[in-house]
Protein chains: 2
Amino acid sequence: MAYTYEFPRPALTVDCVVFGLDEENLLKILLIQRNLAPFENQWALPGGFVRIEESLETAARRELVEETGLENVFLEQLYTFGSCDRDPRDRVVTVAYYGLVNLWEYRLKAATDARDTRWFAVADLPPLAFDHEAIVQLALTRLKGKVRYEPIGFELLPEKFTLTQLQRLYETILEQELDKRNFRKKILKMNLLIQLDEYQTGVSHRAARLYRFDPEKYRNLKKKGFNFEI
Amino acid sequence: MAYTYEFPRPALTVDCVVFGLDEENLLKILLIQRNLAPFENQWALPGGFVRIEESLETAARRELVEETGLENVFLEQLYTFGSCDRDPRDRVVTVAYYGLVNLWEYRLKAATDARDTRWFAVADLPPLAFDHEAIVQLALTRLKGKVRYEPIGFELLPEKFTLTQLQRLYETILEQELDKRNFRKKILKMNLLIQLDEYQTGVSHRAARLYRFDPEKYRNLKKKGFNFEI
DNA sequence: ACAAAAGTGTTGCTTCTACACCCATGC
DNA sequence: GCATGGGTGTAGAAGCAACACTTTTGT
């Protein structure tokens with residue numbers, strides 16, 4: 001039950017910064033409360049050790065399921081953090097991922113899990129364990145940058161959404177207001193959205209039309225040199 | 001002289017994709033010839049094991065010096081490769097970096113080193129060890145993407161360069177021709193270049209004016225919301 | 001009828017693209 | 001004097017930013 005190597009090896013972990021957007025357009029991150037030292041009882045990113053027989057992304061997905069119940073989320077590698085002192089016990093290198101989930105559909109799922117997990121607004125995060133604050137900062141920067149030139153924002157919305165929801169999403173992430181008419185013109189001209197014959201329900205005002213993002217169309221346009229840009 | 005852990009740990013390495021641009025505007029990568037199994041005698045990216053007391057970037061820089069003699073190069077983390085079968089002997093996770101060097105000045109230095117190192121044109125790479133082809137591909141994609149919205153291209157040029165050299169650099173990396181007048185207008189309007197009172201020497205035609213990139217100006221403009229873009 | 005958000009066009013301005021000729025230098 | 005690349009301006013097209021009112025629906 002022990003593994004011996006000629007040279008010392010850092011431990012290898014994965015950590016996930018999972019973003020969600022709630023009904024009030026607050027950008028949130030999923031955290032878990034640690035029940036082990038160090039940083040016992042502090043909030044931390046979901047994550048854990050990479051097993052010897054699994055790839056990094058597999059490890060990240062496994063930890064997400066185990067710790068938060070989230071499955072099939074959009075997940076991309078963010079950065080690898082390897083300073084020597086980031087874990088007080090041991091040399092631990094962590095490969096960080098960022099994820100995007102649709103909070104409208106996933107909220108209940110995550111809540112049913114055994115571990116103490118919670119969504120926190122990014123503007124109002126508790127102190128985090130290890131260097132997780134730095135990881136979150138980098139994830140935010142990456143999200144802000146990437147959302148402008150890749151159509152990943154749709155991962156944060158339900159499959160069918162209104163143009164106003166989409167606009168609010170960009171306004172929240174980019175932290176700037178956008179002009180309604182210009183936004184709609186721009187996004188519709190790209191031809192990436194499918195206009196549905198369905199409308200919002202349960203709102204006390206004129207119901208907005210629903211749209212769906214078409215990843216297939218995007219792949220095709222991209223092959224022809226099209227560049228998404230907000 | 002042995003290190004024992006409760007759970008098995010992947011080995012951790014770093015690898016560097018170092019780009020250089022030669023006098024004929026060929027984009028090149030620095031490779032070393034392996035003298036150990038596996039992949040003995042094959043070409044590979046410079047790199048090696050991360051020591052327990054050094055950070056990832058420190059390890060990358062150390063390996064670069066040891067294996068190629070290159071020092072003080074621009075270096076940025078690229079991606080971490082961790083599939084289980086990427087090394088036939090053992091589970092090895094590698095953190096890849098990409099680097100940019102000024103070939104005009106560094107060419108001799110690298111050549112003086114003991115190991116068998118060589119610059120290869122990216123269009124004409126030999127077969128590479130491990131998954132290094134994939135790493136190189138990703139580095140190329142990243143370089144192509146990043147060079148457009150961050151002024152990193154200057155790292156590939158001598159400190160003093162002509163606008164034509166700069167234009168050729170972009171044409172090479174982006175793999176597209178650019179209009180001379182439009183390019184010059186655009187780049188000069190950004191106010192990032194310092195016009196020198198010096199000119200090319202040793203050319204058999206009108207000597208071109210030399211310019212220098214001003215990183216200080218760039219930092220200032222960036223703080224004020226300026227975005228570099230080619 | 002009122003409140004709340006949906007939906008829709010035009011104009012001026014800026015930026016981008018396309019394009020051709022004279023200039024300076026070394027041989 | 002010729003070959004080589006250096007250096008420069010303009011016009012038309014496209015894209016961007018700014019801006020306000022009517023429509024629909026629920027209460």
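Note that these values count all heavy atoms, side chains included, but never hydrogens, waters or copies made by symmetry. Numbers restart at 1 for each chain; the letters A, B, ... are given by sequence-line order, proteins then strands. Since the model is a prediction, treat every value here as computed from it, not as a measurement.
Within 4.0 Å of B/Thr164, counting heavy atoms only, lie sugar-phosphate atoms of the nucleic acid but no base atom. Using a 4.0 Å heavy-atom distance criterion, B/Arg184 is classed as a base contact.
In terms of the salt bridge (charged side-chain N to carboxylate O under 4.0 Å, His left out) criterion, residue partners of B/Lys146 (sequence neighbours excluded) are, by chain and number, B/Glu76. Under the salt bridge (charged side-chain N to carboxylate O under 4.0 Å, His left out) criterion, B/Asp124 pairs with no residue at all, not counting sequence neighbours. By the ring-ring contact (aromatic ring centres under 6.0 Å, His included) test, A/Tyr218 is found to be paired with no residue, residues two or more places apart in sequence or in another chain being considered. Taking the side chain to side chain contact (heavy atoms under 4.5 Å, CB included) definition, one finds that A/Glu216 meets it with A/Asp214, A/Arg219, A/Asn220, sequence neighbours left out. For B/Arg184, the salt bridge (charged side-chain N to carboxylate O under 4.0 Å, His left out) test picks out no residue, with sequence neighbours left out. Taking the ring-ring contact (aromatic ring centres under 6.0 Å, His included) definition, one finds that A/Phe213 meets it with A/Phe154, sequence neighbours left out. Judged as a salt bridge (charged side-chain N to carboxylate O under 4.0 Å, His left out), and not counting sequence neighbours, B/Arg206 has no contacts.
To the nearest angstrom, C1' of D/dG6 lies 12 Å from CD of B/Gln167. When the P atom of D/dG7 is taken as reference, atom CG of B/Leu188 falls 10 Å away, rounded to whole Å. Computed from coordinates, the B/Phe183 CZ to D/dG9 P distance equals 18 Å when rounded to whole Å.
The stretch residues 155-177 of chain A participates, sequence neighbours left out, in these salt bridge (Lys or Arg N to Asp or Glu O under 4.0 Å) pairs: A/Lys144-A/Glu175, A/Glu159-A/Arg212, A/Lys160-A/Glu198, A/Arg168-A/Glu171.
On the nucleic acid side, DNA chain C has its first and last nucleotide under 4.0 Å of a heavy atom of chain B at C/dT17 to C/dG26, going 5' to 3'.
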Q) With the sugar-phosphate defined as primed atoms, P, OP1 and OP2, and the base as all remaining atoms, what B/S/- string results for nucleotides 13-21 of chain D, 5' to 3', for protein heavy atoms under 4.0 Å? A) ----BBBB-
Would you tabulate the side-chain donor-acceptor contacts of residues 222-230 of chain B under 3.5 Å, counting partners in other chains and residues two or more places apart, or write 'none'?
none

Distances under 3.5 Å between nitrogen or oxygen atoms of protein and nucleotides 22-27 of chain D:
unit_1: D/dT23; atom_1: O2; unit_2: A/Arg206; atom_2: NH1; d: 3.0

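A ring-ring contact (aromatic ring centres under 6.0 Å, His included) with A/Phe130 is found for one member of A/Phe81, A/Phe39, A/Trp43 and no other, namely A/Phe39.
Under the 3.5 Å distance criterion, the side-chain polar atoms of B/Arg209 are matched with a main-chain donor or acceptor of B/Leu196.
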